[in-house]
Amino acid sequence: MPNIRPLPEDLQKIACEELNEVPERIEQDLKDFRDWIEKQQHLRARTDDQFLIAFLRGCKYSLEKAKSKIDKYYTLRTKYPDFYTVQNVDDPKFIELFKLGVGLSLPTPLNENGPRIQYIRTAIYPTEKYSFADVMCLANGTQELTMREDDYCVVNGYVQLLDMANYTTAHAMQMTPTVVKKMSTFAEDATPLRQRSVHVINAPASFEKLFNMIKSFMPAKQQERLFIHGTNWQETLLKHVPQKYLPKELGGENGSIDEIKQSHWDIFVKYHDHFVEEHKYGVDEKLRVGPSVNYDQIFGVEGSFRKLQVD
């Protein structure tokens, strides 16, 4: 029997109908996926059932897509560790950033059993101390915990709520074209979690300029999923995310920030050794058979939106 967490009945129904999951075939599907990974000399990947089934579900059980995603997942983490991985899980600076609660998964999914809602406070971190790459290391490093622990997110995907309250020019300057491409490429090509929509609230009026620049560096699918609601966000956001599914601090019923931060910290402590072990996994391009993707060319030369004013 596969060593995976049983899905609630409602989620299992969705997995079967929308993700092509056949419960009787899961064991064989996992074996086929694992056998392929073990034959790849260049790839050192985790192969436990709970990890691998996230890729299979996220790729709707297309083995070829799952192969591509897990290869790119480890390729990008190996080539750009300072953007995609937690470098030192015991670093006080990292722990402090974690405890700020930049990204929080709200406890109740949208419509009770739908996509997970992720509340991202984009300006909660001080730019004089942390770069956006530091934030992405945290986000990408802990994303695997979501793949392992959050069946609603794995099966139904996620809706992101980006709160730009207190967003400054210093934050905007960190959003370089390279950063945007690294962020969107990993989300689209390397992770099995499906982004359903992104809703930006409390955006300053001048954010429209930044939005148009950022949008041009994003894949077409991600452009279509992005909604800007401004400071009067209640008028339009609530058509997509009803009030009750927002955190208490935004007038909802979906947990308080302090409670959610503590819950996230408890999971992080549980997975401390997991983060330490992550450095054993990756790719060795010298052993790869066939060409590899030239990500340096895709991401281009580092630059920034220095002339943009965000008030």
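We're numbering straight along the sequence, starting at 1. Atoms considered below: every heavy atom in the structure, side chains included; atoms not considered: hydrogens, waters and symmetry mates.
- Under the 3.5 Å distance criterion, with hydrogens and angles disregarded, a donor-acceptor pair is assigned to the side chains of T85 and Q87.
- Here the side chains of Y295 and T185 are in contact, with some heavy-atom distance below 4.5 Å.
- The hydrophobic clustering, which links ILVMFWY residues whose side-chain heavy atoms are closer than 4.5 Å, places V102 and L246 apart.
- The cluster map of Ile, Leu, Val, Met, Phe, Trp and Tyr, joined by side-chain heavy atoms under 4.5 Å apart, puts V86 and F132 in the same cluster.
- Side-chain N/O atoms of S256 and E259 include a donor and acceptor closer than 3.5 Å.
- A salt bridge does not link K13 to E18: none of the charged side-chain nitrogens sits closer than 4.0 Å to a carboxylate oxygen.
- For the pair P2 and I26, the minimum side-chain heavy-atom distance is below 4.5 Å.
- The structure places CZ of R77 at 4.5 Å from CD of E278, a figure rounded to the nearest 0.5 Å.
- In this structure, Y84 contributes its side chain and K182 its backbone to a donor-acceptor pair below 3.5 Å.
- In summary, the side chains of E253 and Y245 do not present any donor paired with an acceptor at a separation below 3.5 Å, with no hydrogens or angles considered.
- Under a 4.0 Å N-O distance rule, the pair D48/R148 qualifies as a salt bridge.
- When side chains are defined from C-beta on, V289 does not count as touching Q41, because their heavy atoms never get closer than 4.5 Å.
- Remark: side-chain polar atoms of Q50 are paired, donor with acceptor, to backbone N or O of R5 under 3.5 angstrom.
- Counting heavy atoms from C-beta outward, N254 and K244 have side chains that stay 4.5 Å or more apart.
- Defined by atom type and a distance below 3.5 Å, a donor-acceptor pair is missing between the side-chain atoms of Q234 and H229.
- Taking the side chain as every heavy atom from C-beta outward, W265 and I95 approach each other to under 4.5 Å.
- Within the 4.5 Å cutoff, no side-chain heavy atoms of H240 are placed close to those of S197.
- Note: the hydrophobic cluster containing F55 also contains I4 (ILVMFWY, side chain heavy atoms under 4.5 Å, direct or indirect links).
- Of the charged side-chain nitrogens involved, none lies within less than 4.0 Å of a carboxylate oxygen, so that K69 and D189 do not count as a salt-bridged pair.
- Atom CD of Q40 and atom CD1 of I70 lie 10.5 Å apart (nearest 0.5 Å).
- Of all heavy-atom pairs between A15 and L7, the closest is CB-CD1, 4.0 Å.
- At least one donor-acceptor pair under 3.5 Å links the side chain of H264 to the backbone N or O of S105.
- For the pair K181 and F299, the NZ or CZ position fails the cation-pi test of under 6.0 Å to the six-membered ring centre and within 45 degrees of the ring normal.
- Under the 3.5 Å distance criterion, the side-chain polar atoms of Q243 are matched with a main-chain donor or acceptor of G251.
- Neither side chain, Q262 nor D258, offers a donor N or O lying under 3.5 Å from an acceptor on the other.
- In this pair, Y125 and H171 present their aromatic rings perpendicular. The plane angle is above 60°, beyond the 30 to 60° band.
- When only modelled atom types and interatomic distance are considered, E96 and Y130 share a side-chain donor-acceptor pair under 3.5 Å.
- A salt bridge does not link E285 with K79: every distance from a Lys NZ or Arg NE/NH1/NH2 to an Asp or Glu carboxylate oxygen is 4.0 Å or more.
- Looking only at atom types and distance, the side chain of Y80 has a donor-acceptor partner in the side chain of D296 under 3.5 Å away.
- A heavy-atom distance below 4.5 Å is found between the side chains of E149 and Y271.
- Note on D284 versus R44: no salt bridge recorded, every NZ/NE/NH1/NH2 to OD/OE distance being 4.0 Å or above.
- The aromatic rings of F268 and F98 sit tilted relative to each other, their planes meeting at an angle between 30° and 60°.
- Remark: of the listed residues L237, V241, L106, L237 is the sole one forming a side-chain contact (heavy atoms from CB on, under 4.5 Å) with L161.
- Side chains of D71 and T75: a donor on one and an acceptor on the other come within 3.5 Å.
- Without hydrogens or angle criteria, S131 side chain to D134 main chain gives a donor-acceptor distance under 3.5 Å.
- Checking R116 against T146 by side-chain atom types alone, no donor-acceptor pair falls below 3.5 Å.
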Worked verdict on Y73 versus F186 for ring-ring contact (aromatic ring centres under 6.0 Å, His included) | CA-CA 7 Å; Y73 181 84; F186 196 72; 5.7 Å; yes

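- At distances below 3.5 Å, not a single donor-acceptor pair connects side-chain atoms of R121 with backbone N or O atoms of L162.
- Interatomic distance, I201 CD1 to T236 OG1, rounded to the nearest 0.5 Å: 10.0 Å.
- Note that CG of N166 is 8.5 Å distant from CG of N202, once rounded to the nearest 0.5 Å.
- A donor-acceptor pair under 3.5 Å links the side-chain atoms of E249 to the main chain of I257, judged by distance alone.
- Under the 3.5 Å distance criterion, the side-chain polar atoms of R194 are matched with a main-chain donor or acceptor of V155.
- Within the 3.5 Å criterion, the main-chain N or O of K60 finds a donor-acceptor partner in the side chain of N20.
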Given Q12 and E21, is the side-chain hydrogen bond (donor to acceptor under 3.5 Å, both in side chains) satisfied, shown in steps?
-> CA-CA 8 Å; Q12 186 62 72; E21 183 163 296; 3.0 Å; yes

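- Scanning both residues, I120 and G103, for their nearest heavy atoms gives CD1-CA, 3.7 Å.
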Check against salt bridge (charged side-chain N to carboxylate O under 4.0 Å, His left out), D266 and K270 = CA-CA 6 Å; D266 292 342; K270 172 184 171 183; over 6 Å; no

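- Contact record, C137 with P81: SG-O, 3.8 Å, taken as the closest heavy-atom pair.
- If you take OH on Y152 and CG on L11, they are separated by 4.5 Å, rounding to the nearest 0.5 Å.
- D150 places a side-chain N or O within donor-acceptor distance of the main-chain N or O of C153, the cut-off being under 3.5 Å.
- Side-chain N/O atoms of D163 and Y119 include a donor and acceptor closer than 3.5 Å.
- When all heavy atoms of V89 and H272 are compared, the pair lying nearest together is CG1-NE2, 3.5 Å.
- Residues Q118 and L104 have side chains not in contact (no heavy-atom distance under 4.5 Å, counting atoms from C-beta outward).
- Note that CD1 of I124 is 6.5 Å distant from CG of L100, once rounded to the nearest 0.5 Å.
- When all heavy atoms of T47 and R34 are compared, the closest pair comes out as O-NE, 3.0 Å.
- When all heavy atoms of T127 and A170 are compared, the pair lying nearest together is OG1-CB, 3.3 Å.
- In this pair, W36 and F33 present their aromatic rings parallel. The plane angle is below 30°, not in the 30 to 60° band.
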